[in-house]
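Below is one structure, written out as structure tokens, with a few remarks after it.
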Number of protein chains: 4
Amino acid sequence: MSPADMPQARGERRKRSDARRNAQTLLDAAAAVFARAGIDAPVRDIAAEAGVGMGTVYRHFPTRPDLVVAVFRHQVDALAATPAGASGENPENPYEALRSWVARFTDFLVTKHGLPEALHSDQAGLESLHAEFVDRLVPVLDRLLRACVDAGRIRADVRPLDLMIAIGNLCIGADTFPGYRARHMVDVLLAGLLHHAPAPTDADRPRTPTAP
Amino acid sequence: MSPADMPQARGERRKRSDARRNAQTLLDAAAAVFARAGIDAPVRDIAAEAGVGMGTVYRHFPTRPDLVVAVFRHQVDALAATPAGASGENPENPYEALRSWVARFTDFLVTKHGLPEALHSDQAGLESLHAEFVDRLVPVLDRLLRACVDAGRIRADVRPLDLMIAIGNLCIGADTFPGYRARHMVDVLLAGLLHHAPAPTDADRPRTPTAP
Amino acid sequence: MSPADMPQARGERRKRSDARRNAQTLLDAAAAVFARAGIDAPVRDIAAEAGVGMGTVYRHFPTRPDLVVAVFRHQVDALAATPAGASGENPENPYEALRSWVARFTDFLVTKHGLPEALHSDQAGLESLHAEFVDRLVPVLDRLLRACVDAGRIRADVRPLDLMIAIGNLCIGADTFPGYRARHMVDVLLAGLLHHAPAPTDADRPRTPTAP
Amino acid sequence: MSPADMPQARGERRKRSDARRNAQTLLDAAAAVFARAGIDAPVRDIAAEAGVGMGTVYRHFPTRPDLVVAVFRHQVDALAATPAGASGENPENPYEALRSWVARFTDFLVTKHGLPEALHSDQAGLESLHAEFVDRLVPVLDRLLRACVDAGRIRADVRPLDLMIAIGNLCIGADTFPGYRARHMVDVLLAGLLHHAPAPTDADRPRTPTAP
DNA sequence: TATGAATGAGGTTTCATTCAT
DNA sequence: TATGAATGAAACCTCATTCAT
């Protein structure tokens with residue numbers, strides 16, 4: 001990733017590195033504006049935040065969805081790149097590995113506002129974000145969950161996709177409801193995966209007819 | 001409740017009841033359109049769905065957010081009005097009462113799309129929806145949760161507001177991710193509330209601290 | 001066509017007639033602006049010319065091409081509605097009938113600037129204008145030409161479509177080249193249809209090899 | 001004509017010839033793009049076609065119309081430079097000389113799409129194209145026509161400007177109406193110039209006055 | 001000198017809101 | 001009072017043109 005290891009002509013490089021810096025500036029600006037004003041923020045605002053003209057935005061991201069996707073794909077990639085128990089953290093405790101990765105997932109979602117909301121947007125052109133999210137993260141969660149199930153630690157009726165969406169959803173609302181503790185609720189959700197006593201919740205309710 | 005059996009100035013009375021009927025028609029139409037096309041659906045579409053002119057919409061709801069708030073306030077009120085365990089259903093099993101009410105809550109949110117999204121919308125004028133949501137539902141959940149805690153059934157570190165938002169969030173995404181099972185994830189979340197420290201299955205978790 | 005022969009409620013009629021008048025105003029304004037500034041004139045200019053807001057233009061003509069097509073379809077229809085020798089003008093002189101109709105055609109094209117140019121525009125959405133032009137006018141020209149050919153008056157190697165486009169083309173440029181006499185050139189073109197002496201042009205060139 | 005055999009200051013000379021080669025490349029590229037995508041093709045596309053940066057285009061042609069004018073001036077010049085009957089081809093058959101030159105004219109217009117359209121464009125800066133067209137070609141046509149008239153071959157009421165514009169116009173529409181036979185219609189137009197009053201077929205037209 | 005990134009005016013289209021009928 | 005036509009502020013996006021490198 002060092003800028004020196006590209007064996008090209010210097011003149012050409014200079015231009016390109018400028019442009020790349022600008023693209024990064026734009027991504028940062030867009031992330032900031034999205035976090036502040038939502039994914040539907042006008043492109044003009046993003047350009048202003050980045051301190052460039054609108055044309056520059058469109059040079060780097062030909063259409064509005066392209067920009068949105070770029071902003072969040074970046075984040076999704078970063079997430080997928082933390083390979084869960086990769087750092088060798090207690091492979092003999094799969095639930096702890098799950099919790100650890102999910103904590104990182106949650107931190108990411110809570111910090112960089114907007115990704116969960118973006119995933120639920122119905123704007124045309126955001127399908128690839130959708131796909132990216134699923135393709136990159138589901139396999140990770142799948143591995144983590146399967147390990148837990150195999151170890152008999154958690155219930156087997158929760159699919160990775162469901163869990164992933166659920167976690168993403170729980171992270172929505174950090175700035176809409178300032179007091180909302182997203183991380184805590186994710187923890188509760190994970191606790192709900194654990195095997196409880198004989199049966200999850202029914203064991204304690206001997207003769208209470210389950211309300212419809 | 002028949003509008004004819006009120007012995008007042010008939011013309012005025014008639015008009016007023018007509019207007020009220022119209023308002024209800026509009027709310028229904030708006031709910032339908034919101035569910036179909038999202039909260040950002042054009043006012044014109046709502047007027048068309050209701051079979052009235054746009055002027056009529058604005059007569060009843062001076063501004064667009066007013067209409068949105070009215071639509072969802074209606075639903076929130078309906079929710080708050082069914083206080084679940086209030087009608088005395090197994091007071092000796094508070095967790096079941098909680099589950100029952102939450103199930104109704106969830107059904108509502110899942111069926112009438114849009115409320116959770118609306119709650120997180122940053123559109124001006126929707127703050128009152130916010131407030132309504134909190135003011136009407138938090139007390140209900142508070143009662144239900146407190147009963148469970150008092151009975152020693154669930155952990156005490158979950159606040160009603162957090163739970164309410166979390167459940168609302170889990171219901172987002174029904175049509176964005178068609179396979180997503182919102183109700184199931186709400187169930188998992190509730191399971192996560194239960195004390196399982198003393199539960200038999202806990203024996204298998206040698207040295208993992210449960211708390212966050 | 002009298003406004004009285006519509007058996008509807010008066011209130012409804014009033015609105016509709018207003019709107020229709022407005023639509024006509026818009027068509028006139030658009031025709032004027034197109035003549036003055038070309039088919040690519042901004043919609044805003046047309047709205048200004050008509051003295052209405054831009055939204056009004058889009059209410060009546062949902063997209064820009066719709067407006068263009070409406071403006072010129074009107075004219076094409078008027079043209080097709082003059083059924084050539086319909087008024088019984090010397091059926092025994094088919095060439096005269098042809099000249100007469102073409103003269104009307106030419107007058108139309110020259111007066112209402114822009115139709116020929118519009119026909120050659122490659123803007124999306126103008127295909128229907130294209131089709132309209134061909135479908136409505138080719139049959140008329142076909143009848144007129146066939147009569148002439150059957151009477152042995154003109155050469156048989158000119159297709160109605162070619163002639164129609166050629167006449168339309170000759171009418172281009174009234175305001176680009178102020179001195180250009182379109183009508184005259186159309187007349188010359190028609191004269192070129194007539195059978196000349198033994199052979200159109202070769203008879204006079206006894207031993208000149210025809211250039212490729 | 002080889003750029004190398006000029007014994008001047010080599011560096012400067014080299015540059016100038018480079019620049020000239022570049023200008024020619026640009027003209028060719030622009031002509032190609034105009035033919036492919038119309039006169040309104042983006043400058044960027046032309047630069048790409050020429051394989052140069054956009055700045056290079058603007059170095060040679062300070063403004064867009066300048067480029068358009070240069071492209072077509074080039075073609076007009078080429079046309080005017082082939083004075084047809086000038087090289088003495090059958091001076092005793094002036095009509096054939098006219099036909100021959102017009103055929104070349106037509107081929108040019110049909111092949112290199114865009115010139116006729118450009119002539120009628122109302123874009124600012126294209127007036128000189130206008131003038132060039134008239135100044136260079138009208139004299140040629142004037143000579144050819146006068147010769148024909150003097151020889152008593154064609155009618156005397158057609159001015160060179162009219163004929164030039166008419167021919168140009170007839171060549172419009174090659175790609176809008178794929179079946180349109182422009183060359184054929186030009187032929188018909190030329191046939192219309194011929195005197196046919198004395199021609200035998202005229203006998204059948206009892207009482208139709210020919211003149212406009 | 002050549003490049004192509006940046007600029008920003010301008011064009012099309014949408015929709016909340018007003019108001020004449 | 002209800003209607004829906006009209007309004008016009010934005011939003012997106014496209015280039016002609018400039019200018020740092």
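Residue numbers start from 1 in every chain, and the chains themselves are labelled A, B, ... in the order their sequence lines are given, proteins ahead of strands.
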Would you kindly give the [atom1]-to-[atom2] distance between [X] and [N], to the nearest whole Å?
| X | N | atom1 | atom2 | answer |
| --- | --- | --- | --- | --- |
| B/L126 | E/dA16 | CG | P | 13 Å |
| B/L26 | F/dT1 | CG | P | 16 Å |
| D/H60 | E/dA2 | NE2 | P | 6 Å |
| C/R59 | E/dA16 | CZ | P | 13 Å |
| C/R21 | E/dT21 | CZ | C1' | 12 Å |
| C/Q123 | E/dG11 | CD | P | 13 Å |
| A/R20 | E/dG4 | CZ | P | 16 Å |
| C/I46 | E/dT13 | CD1 | P | 11 Å |

Listing request: all salt bridge (charged side-chain N to carboxylate O under 4.0 Å, His left out) pairs with a residue in residues 29-38 of chain D, at least two apart in sequence or in separate chains.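 Pairs touching residues 29-38 of chain D that pass the test: D/R36-D/E49.
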
Tell me the salt bridge (charged side-chain N to carboxylate O under 4.0 Å, His left out) pairs involving residues 113-125 of chain B, sequence neighbours left out?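 Every pair satisfying salt bridge (charged side-chain N to carboxylate O under 4.0 Å, His left out) with a residue in residues 113-125 of chain B: there are none.
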
Could you list the residues that satisfy side chain to side chain contact (heavy atoms under 4.5 Å, CB included) with [X], not counting sequence neighbours?
| X | answer |
| --- | --- |
| A/D175 | A/H113 |
| A/R44 | A/M54 |
| D/D45 | D/V33, D/P42 |

Under 4.0 Å: is that the gap between some side-chain N or O of B/N22 and OP1 or OP2 of F/dA2?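 Yes, B/N22 has a side-chain N/O under 4.0 Å of OP1/OP2 on F/dA2.
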
Can you see if the side chain of A/T56 gets near the phosphate of E/dA5 - specifically, an N or O under 4.0 Å from OP1 or OP2?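 False: A/T56 side-chain N/O out of range (4.0 Å or more) of E/dA5 OP1/OP2.
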
Would you mind telling me which residue lines up with the more 5' stretch of DNA chain F, B/V52 or C/V52, judged by nearest nucleotide?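 Whichever sits nearer the 5' end wins; that is B/V52.
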
State, to the nearest 10°, the angle formed by the axis through the first five base pairs of the helix from E/dA2-F/dT21 to E/dT21-F/dA2 and the axis through its last five.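 The helix from E/dA2-F/dT21 to E/dT21-F/dA2 shows an end-to-end axis angle of 10°.
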
Going 5' to 3' along nucleotides 10-16 of chain F, which nucleotides have protein heavy atoms under 4.0 Å from the base (write B), which only from the sugar-phosphate (write S), and which from neither (write -)? -SBBBSS

Side-chain donor-acceptor pairs of residues 66-75 of chain B under 3.5 Å, sequence neighbours excluded:
{"residue": "B/D66", "atom": "OD2", "partner": "B/T63", "partner atom": "N", "Å": "3.3"}
{"residue": "B/R73", "atom": "NH1", "partner": "B/E132", "partner atom": "OE1", "Å": "3.0"}

So, using ring-ring contact (aromatic ring centres under 6.0 Å, His included) as the criterion, who are the partners of D/H130 when residues are at least two apart?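 For D/H130 the ring-ring contact (aromatic ring centres under 6.0 Å, His included) partners, ignoring immediate neighbours, are C/F177.
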
Approximate separation, where rounding is to 0.5 Å, of D/R64 CZ and D/L126 CG: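 Rounded to the nearest 0.5 Å, the CZ-CG separation comes to 9.0 Å.
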
D/E127 side-chain N/O to D/G125 backbone N/O, donor-acceptor pair under 3.5 Å: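 Yes; judged by distance alone, with no hydrogens or angles, the pair exists.
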
